[in-house]
Enquirer: 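If you scroll down you'll find the structure; I have some questions about it.
Here is the naming used below: chain letters follow the sequence lines, and residue numbers restart at 1 for every chain.
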Amino acid sequence: MIEFKSDFLRTLTERGYIHQQTDAAALDHQACSGIVTAYIGFDATADSLHVGSLVQIMLLRRLQQAGHRPIVLMGGGTTKVGDPSGRDETRQLLTDEQINANIAGIREIFGHFLRFDDSPTGAVMVNNDDWLSSLKYIPFLRDIGRHFSINRMLTMDSVKLRLEREQPLTFLEFNYMILQGYDFVELNKRYGCTLQMGGSDQWGNILQGVDLGRRVREQALFGLTSPLITTSSGAKMGKTASGAVWLSGKRLPAYDYWQHWRNTEDADVGRFLRMFTDLPMPEIARLERLQGAEINEAKKILATETTGLCHGEGVARAAIDTAAKAFSGATAQGLPSVLLASGTQLPVIDAVVALGMAASKGEARRLIDQGGVKLNDKPVQSATAVVSAVDLDEQGTARLAVGKKRHGLIKRA
RNA sequence: GGAGGGGUACCCAAGCGGCCAACGGGGGCAGACUGUAAAUCUGCUGGCUUAUGCCUUCGUAGGUUCGAAUCCUACCCCCUCCA
């Protein structure tokens, strides 16, 4: 690894964001001598992104922190065509309204991580629908398509894997790398963008764009990918039983987001602190050295920092407070709750389901049978147990827990 | 267009007339051990009820049968080879 001169590449290197890149020395030189404009593309298939995209978001944040300009490219055009990956069924095609609503939701998230304004380093969000939808097929083939070699495309990992596994690959999908390459050239034309970043799975597509730029614009473009983030035990990050770990508070409450980071594996703490927080490196080095149970302190800091970035500092502080109470047996406001009408009884099973801690009553019964449900820290013995006024404390609240980590409240109506 | 193979629960994958709510693995959840960690061990993993009953589910729609994921017919989708 060469020693970089630019703040941008030095930061990326020491924080572990770089998996592969094209001409590193030339990019380093460019980053030293002026503002670099770089982009990353995102799908517009949902109204929120999840932690799987967080590395990319942080890459753009680091770029801006280092005095350069980030472009968030929304794949409105490509989303409109419908992403053909996932072979079981063609995805539901999204309408223009849905796509625009999704873009609006995603813009809100980026607002927490990037500064959008008209300054030279202000972030910009653009939609590739602006140029892709108006493309004319024959002129496009003649101007752009002639620069792509099928021979080369067939050797691309994304294509090769599909073919080797005998999984279907449609012509539409085969065109994706061409469209993505074209996006890069278009952004270069419009914004002077010279760098595309992305996950390691995008390497092939990015290279196509770099090549295309050289051929049609005679421009030196750069590509840089981040490593695929898995946990130390090999699981892909961001998947939980209840679904994806969304960045939008509307999709996933901030407290749950905090918990997700709090439960990081020991071996991942340092890596995640470097990538997902702004904490200075010496501080991270100190936290990373903590041993045994002490590393829990580092996990709390990780959770609070990441939650602060995504949801705001106040929300993060509230989350740490809620967690402290919930896990010490105190009553923590801010947890999900259900109401108990006075003079009535509520079966524990129903309460567990109502709090979203079990998907069905049957599951709630099983949890109780296995000793996984606690009311006010006492294991619930019977599946027919009920919550009534006697279980409530002076504040009219009872605590219900499933497992060690999931907490909820029952309150007097 | 022709020939062959295939579509089973979150994923992979058995089953090929009743013993099938469906083997096994992965994943997930819970319990034990711990530190809200990892590893390990144990249990659970369609719904409703609670007892052992009902309902829904093996691509879709029909049919045969006392009885079908399993047999038949049509249709849809996927893969391979040939054109």
Side-chain angles (χ1 to χ4, degrees), chain A residues 84-92 161-173 230-245 255-273 287-304 306-307 319-330 332 334-335 347-350 352-375 377-386 399-408:
Chain A
S85 64
R87 67 194 151 117
D88 293 354
E89 71 225 58
T90 29
R91 299 209 180 153
Q92 187 105 47
L161 283 175
R162 285 291 194 85
L163 295 179
E164 277 168 5
R165 286 186 196 157
E166 303 185 349
Q167 284 172 349
L169 176 73
T170 63
F171 182 66
L172 180 68
E173 190 166 19
T230 54
T231 67
S232 290
S233 26
K236 247 191 207 164
M237 206 177 72
K239 290 283 159 68
T240 70
S242 42
V245 179
Y255 173 73
D256 293 318
Y257 188 75
W258 190 91
Q259 280 296 330
H260 170 256
W261 292 102
R262 172 64 184 82
N263 286 308
T264 296
E265 295 175 23
D266 286 8
D268 293 325
V269 170
R271 193 160 52 108
F272 287 179
L273 281 168
L287 292 170
E288 202 175 8
R289 275 196 301 272
L290 293 174
Q291 290 297 314
E294 286 188 338
I295 203 165
N296 284 326
E297 283 313 305
K299 292 184 190 181
K300 284 180 199 165
I301 291 169
L302 171 65
T304 306
T306 50
T307 306
I320 197 170
D321 182 57
T322 300
K325 285 180 178 157
F327 282 87
S328 67
L335 291 174
V348 172
I349 287 173
D350 291 347
V352 169
V353 174
L355 287 166
M357 294 162 159
S360 67
K361 292 184 182 182
E363 188 182 332
R365 270 191 201 89
R366 267 179 246 126
L367 286 167
I368 291 173
D369 285 344
Q370 297 183 119
V373 178
K374 291 192 182 109
L375 180 62
D377 299 325
K378 291 194 296 290
V380 175
Q381 300 294 338
S382 155
T384 55
V386 295
R399 286 169 289 115
L400 192 66
V402 167
K404 278 175 290 201
K405 299 177 193 171
R406 290 181 287 163
H407 301 269

Enquirer: Please find the pair of heavy atoms, one from A:E288 and one from A:R271, that lie closest to each other, and give the distance.
Expert: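 Smallest interatomic distance, heavy atoms only, reads OE2-N, 4.5 Å.
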
Enquirer: Could you tell me whether the phosphate oxygens of B:C48, OP1 or OP2, come under 4.0 Å of any side-chain nitrogen or oxygen in A:S360?
Expert: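 Affirmative; the distance criterion is met.
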
Enquirer: Using the C1' atoms only, state how far B:G31 lies from B:A51, rounded to an integer number of Å.
Expert: 24 Å

Enquirer: Out of A:I295, A:L287, A:I301, which one pairs with A:V269 under the side chain to side chain contact (heavy atoms under 4.5 Å, CB included) rule?
Expert: A:I295

Enquirer: Using atom C1' in both nucleotides, what's the gap between B:G63 and B:G17 to the nearest angstrom?
Expert: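 Nearest-Å result for B:G63 against B:G17 at atom C1': 15 Å.
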
Enquirer: Between A:A359 and A:G372, who's closer to the 5' end of RNA chain B by nearest nucleotide?
Expert: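 Result of the comparison: A:G372.
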
Enquirer: Closest to the A:K405 side chain: B:A38, B:U36, B:G35?
Expert: B:U36

Enquirer: Suppose you measure atom P in B:A14 against the same atom in B:U8; what distance do you get, rounded to whole Å?
Expert: 11 Å

Enquirer: Measure distances between side-chain N and O atoms of A:K404 and base N and O atoms of B:U34, and say whether any donor-acceptor pair falls under 3.5 Å.
Expert: yes

Enquirer: Looking for any heavy atom pair under 4.0 Å, which part of the strands does A:K299 touch: base, sugar-phosphate only, or nothing?
Expert: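 Here A:K299 touches the bases of the nucleic acid.
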
Enquirer: Roughly how many Å apart are B:C10 and B:U80, using the P atom of each and rounding to a whole number?
Expert: 27 Å

Enquirer: Is there a side chain to side chain contact (heavy atoms under 4.5 Å, CB included) between A:N263 and A:K299? Walk through the geometry before answering.
Expert: CA-CA 7 Å; A:N263 286 308; A:K299 292 184 190 181; over 6 Å; no

Enquirer: Measure from CD1 on A:I368 to P on B:C44 and round the result to the nearest Å.
Expert: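 Value for this atom pair: 17 Å.
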
Enquirer: Could you tell me the separation between the CD atom of A:E294 and the P atom of B:A38, rounded to a whole number of Å?
Expert: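 Result: 19 Å.
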
Enquirer: Just one of A:I320, A:T306, A:L302 clears the side chain to side chain contact (heavy atoms under 4.5 Å, CB included) bar with A:W258, so which one?
Expert: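 Per the side chain to side chain contact (heavy atoms under 4.5 Å, CB included) rule, the option paired with A:W258 is A:I320, out of A:I320, A:T306, A:L302.
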
Enquirer: Compare the minimum distances between each of B:A37, B:U49, B:A30 and the side chain of A:N263, then state the nucleotide with the smallest one.
Expert: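 Of the options given, the side chain of A:N263 lies nearest B:A37.
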
Enquirer: Once hydrogens and angles are ignored, does a donor-acceptor distance under 3.5 Å link the base of B:U45 to the side chain of A:E363?
Expert: no

Enquirer: Please report the distance, rounded to the nearest Å, between CG in A:D350 and C1' in B:U50.
Expert: 15 Å

Enquirer: OH of A:Y257 versus P of B:U36: gap in Å, rounded?
Expert: 22 Å

Enquirer: What is the pairing partner of B:C10, taking Watson-Crick or G-U wobble pairs with both distances under 3.5 Å in any strand?
Expert: B:G26

Enquirer: In whole angstrom, give me the gap between the C1' atoms of B:C16 and B:A68.
Expert: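 Comparing C1' positions in B:C16 and B:A68 gives a spacing of 10 Å.
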
Enquirer: A:D256 has an atom CG; how far is it from atom P of B:U36, in whole Å?
Expert: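 Value for this atom pair: 18 Å.
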
Enquirer: Do A:D266 and B:G35 share a donor-acceptor pair, side chain to base, under 3.5 Å?
Expert: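 Present.
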
Enquirer: Ignoring hydrogens and angles, answer whether the base of B:G43 and the side-chain atoms of A:Q370 contain a donor-acceptor pair closer than 3.5 Å.
Expert: yes

Enquirer: Counting only Watson-Crick or G-U wobble pairs whose two distances fall under 3.5 Å, which nucleotide matches B:U40?
Expert: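 In the structure as shown, B:U40 has B:A32 as its Watson-Crick or wobble partner.
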
Enquirer: With a 4.0 Å cutoff (strictly under), does any side-chain N or O of A:R365 reach OP1 or OP2 of B:U49?
Expert: yes

Enquirer: Output the rounded distance in Å from CE (A:M357) to P (B:A30).
Expert: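 From A:M357 CE to B:A30 P: 11 Å.
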
Enquirer: Taking A:E363 for the side chain and A:A359 for the main chain, is one N or O donor matched with an acceptor at less than 3.5 Å?
Expert: yes

Enquirer: How far, in whole Å, is B:C58 from B:U70 if one measures between their P atoms?
Expert: 10 Å

Enquirer: With a 4.0 Å limit, can you tell me whether A:R406 has a side-chain N or O closer than that to the phosphate oxygens OP1/OP2 of B:A30?
Expert: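 Answer yes for this pair, as a side-chain N or O of A:R406 is under 4.0 Å from OP1 or OP2.
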
Enquirer: Work out which heavy atom in A:Y255 is nearest to a heavy atom in A:A326; give both atom names and the distance.
Expert: OH-CB, 4.1 Å

Enquirer: Kindly give the heavy-atom pair with the smallest separation between A:L367 and A:A358, and that separation in Å.
Expert: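 Closest heavy-atom pair between A:L367 and A:A358: CD1-CB, 4.1 Å.
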
Enquirer: With respect to the phosphate group of B:U49, does any side-chain polar atom (N or O) of A:K361 fall under 4.0 Å of OP1 or OP2?
Expert: yes

Enquirer: Figure out the CG/C1' separation between A:D369 and B:U50, and round it to whole Å.
Expert: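 Rounding to the nearest Å, CG of A:D369 and C1' of B:U50 are 11 Å apart.
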
Enquirer: Strictly by Watson-Crick or wobble contacts shorter than 3.5 Å, is anything paired with B:C81, and which nucleotide is it?
Expert: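 B:G2 is the nucleotide pairing with B:C81.
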
Enquirer: When you check the phosphate oxygens OP1 and OP2 of B:G47, does a side-chain N or O of A:R366 lie under 4.0 Å from one of them?
Expert: yes

Enquirer: What is the separation between atom CZ on A:F327 and atom P on B:U36, rounded to the nearest whole Å?
Expert: 8 Å

Enquirer: For the residue pair A:Y257 and A:W261, categorise the inter-ring angle as parallel (less than 30°), tilted (30 to 60°) or perpendicular (more than 60°).
Expert: perpendicular

Enquirer: What distance, rounded to whole Å, do you find between the two C1' atoms, one in B:A69 and one in B:A9?
Expert: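 Going atom to atom, C1' in each nucleotide, I get 12 Å.
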
Enquirer: How is A:A267 classified with respect to the nucleic acid when contacts are heavy atoms under 4.0 Å: base, sugar-phosphate, or nothing?
Expert: nothing

Enquirer: Find which nucleotide of RNA chain B each of A:A323 and A:G362 is nearest to by heavy atoms, and output the residue with the more 5' nucleotide.
Expert: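 Here A:A323 is the residue nearer the 5' end.
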
Enquirer: Could you work out the separation of B:U73 and B:A3 based on their P atoms and round it to a whole Å?
Expert: 15 Å

